[in-house]
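Here the structure comes first, spelled out in structure tokens, and everything after it is commentary.
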Amino acid sequence: RKEVEQDPGPFNVPEGATVAFNCTYSNSASQSFFWYRQDCRKEPKLLMSVYSSGNEDGRFTAQLNRASQYISLLIRDSKLSDSATYLCVADSSYKLIFGSGTRLLVRP
Amino acid sequence: DTAVSQTPKYLVTQMGNDKSIKCEQNLGHDTMYWYKQDSKKFLKIMFSYNNKELIINETVPNRFSPKSPDKAHLNLHINSLELGDSAVYFCASSQDRPHTQYFGPGTRLTVL
């Protein structure tokens, strides 16, 4: 079993839609969680950290459920520029473990 | 100013050759990393250095040898390149571990 698992997608949504991604992690000792965004042929960039109480950054909302060991990302009012791969990340033994990513395509 | 930079951006070489990739960060971070992203887009850590000391060494062939001359630089030397080494190699840095990491633009290595 992979340490961080995500649905690879793609999620194909119209502009303005709300879309949610989930991911699960296997290490119950993980303490730090992130969502990264990776555009085609570019490096991963931090989108947001994920806090226990949930957190919001503009159109993006991240949630953490420790009991079920899953993390979610909600994107409201999708823009064309949101098209990218979203990587779920959890720490494990002093290193970050990246999921293989969920691809989002936002169409006009 | 680029925070984490890598050279070269593209590297095409023959099997059996030896090549190096360089990474520099100007963020003042203590920890640097090398990741490999294969054709399936899976990003996997290879090595990590903290203040020039090797702290993470994943199951990587010993043909791969990292070197950190100072905490702002982390280079990766690869001996006897194989077809399976073709991938994108990303350098990253963070202040402390395993906090938020900042990635370089990547080096796309193609072994022919």
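Residue numbers begin at 1 in each chain, while the letters A, B, ... track the order of the sequences. When reading the values below, keep in mind they use all heavy atoms of this one structure, side chains included, and skip hydrogens, waters and symmetry mates.
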Taking everything shown except [X] itself, do over 12 heavy atoms lie less than 6.0 Å from its [atom1]?
{"X": "A:F60", "atom1": "CZ", "value": "yes"}
{"X": "B:E53", "atom1": "CD", "value": "no"}
{"X": "B:K71", "atom1": "NZ", "value": "yes"}
{"X": "A:R103", "atom1": "CZ", "value": "no"}

Heavy atoms only, distances under 4.5 angstrom: which of A:R41, A:K45, A:K2, A:Q31 has the most pairs with chain B? Name it, please.
A:R41

If you count heavy-atom pairs under 4.5 Å with chain B, which of A:P8, A:P44, A:S49 comes out on top?
A:P44

Minimum heavy-atom separation for [X] to [Y], with atom names?
{"X": "B:Q101", "Y": "A:Y36", "answer": "O-OH, 2.7 Å"}
{"X": "B:F90", "Y": "A:Q38", "answer": "CZ-NE2, 3.7 Å"}
{"X": "A:S100", "Y": "B:F42", "answer": "CB-CD1, 3.9 Å"}

For the atom pair [atom1] ([X]) and [atom2] ([Y]), what is the distance rounded to the nearest 0.5 Å?
{"X": "A:K95", "Y": "B:Y35", "atom1": "NZ", "atom2": "OH", "result": "9.5 Å"}
{"X": "B:T100", "Y": "A:L96", "atom1": "OG1", "atom2": "CG", "result": "8.0 Å"}
{"X": "A:L46", "Y": "B:F103", "atom1": "CG", "atom2": "CZ", "result": "10.0 Å"}

With hydrophobic residues grouped by side-chain heavy-atom distances under 4.5 Å, do [X] and [Y] end up in a single group?
{"X": "B:W34", "Y": "B:Y49", "result": "yes"}
{"X": "B:I21", "Y": "B:M15", "result": "yes"}
{"X": "B:Y33", "Y": "B:I55", "result": "yes"}

Would B:K41 pass as a cation-pi partner of A:F98, given that its NZ or CZ must be under 6.0 Å from the six-membered ring centre and within 45 degrees of the axis?
no

Contact origin within B:L43 toward chain A - heavy atom pairs under 4.5 Å:
both

